[in-house]
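Working notes, structure below.
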Amino acid sequence: MSTEADAQKAAADEAQRAGSEGLTAKWADVAVREMMTAASVDDARQKALLVLQAFEKESMDAKQQDQSAAVHAEQERRSASELQLLQQQVGVLCKENQILKRAVAIQHEKQKEHQAQNEENASLRQALAQYQEQVHKLEVANYALNLHLRQANDAVNHAALSGRFHPDVF
């Protein structure tokens, strides 16, 4: 007689060798083979118990693998949808980045134009100040000349009226 562990291992090995058949047909063949080697009803009962335990263990393992595969597939699906969402967000962010780059370039050009205008305005203000100073000097000189001219005219008119002429003139 074989021990329980040997029978269970033989049953599991037999089930794995059956390969391409469905799970039920595979285990039915294993059960029939084990029953054919049974020497008595008690031995058949023991072998049936071992076959059923091995079947239950493989069924539970297959169920866990299916669940793991389902969980893995769900995680893959979620990861794929998250990846797609992230790719869409990256696309939107790239477009926004391009828009912002254009806006910064436009602002930079406006800033350069504004700076050029400010420099031109400063130079024009300086020129204006110089011209105003020059006009003021010319006005003062003109006023002084007008005063001298009046004094000279007054002296000539006064001399003509008084009849005295300058001895060097005439």
Would you say D29 and R33 make side-chain contact, with heavy atoms under 4.5 Å? yes
So ring-ring contact (aromatic ring centres under 6.0 Å, His included) across residues 36-95, not counting sequence neighbours, yields W27-F55
By side chain to side chain donor-acceptor pair (under 3.5 Å), D61 pairs with (sequence neighbours left out) K57
If you measure from CG on N118 to CD on Q111, what distance do you get to the nearest 0.5 Å? 8.5 Å
Using salt bridge (Lys or Arg N to Asp or Glu O under 4.0 Å) as the criterion, list what pairs up with K110, not counting sequence neighbours. none
Any side-chain heavy-atom pair of L50 and Q53 under 4.5 Å: yes
Just to verify, what does E82 make a side chain to side chain contact (heavy atoms under 4.5 Å, CB included) with, not counting sequence neighbours? none
Listed partners of A44 passing side chain to side chain contact (heavy atoms under 4.5 Å, CB included), at least two apart: M35, A38
Does any non-hydrogen side-chain atom of E109 lie less than 4.5 Å from one of I106? no
Side-chain ion pair, R45 and D42, N-O less than 4.0 Å: yes
Whichever hydrophobic residues join V32 through chains of side-chain contacts under 4.5 Å: M36
Residues forming a salt bridge (Lys or Arg N to Asp or Glu O under 4.0 Å) with E119, sequence neighbours excluded: none
Review item, side-chain donor-acceptor pairs of residues 89-100, under 3.5 Å, at least two apart:
none

For T37 against D43, the heavy-atom pair lying closest together: O-OD2, 4.1 Å
For E74, all residues meeting side chain to side chain contact (heavy atoms under 4.5 Å, CB included), sequence neighbours excluded: R77, R78
When rounded to the nearest 0.5 angstrom, what is the spacing between CD in E34 and CD in Q46? 11.0 Å
Give the table of side-chain donor-acceptor pairs shorter than 3.5 Å for residues 136-149, with sequence neighbours excluded, one pair per line with atom names and distance.
none

If you link I, L, V, M, F, W and Y whenever their side-chain heavy atoms are under 4.5 Å apart, who else ends up in the same group as L128? none
Qualifying ring-ring contact (aromatic ring centres under 6.0 Å, His included) pairs, either residue in residues 81-120, two or more places apart: none
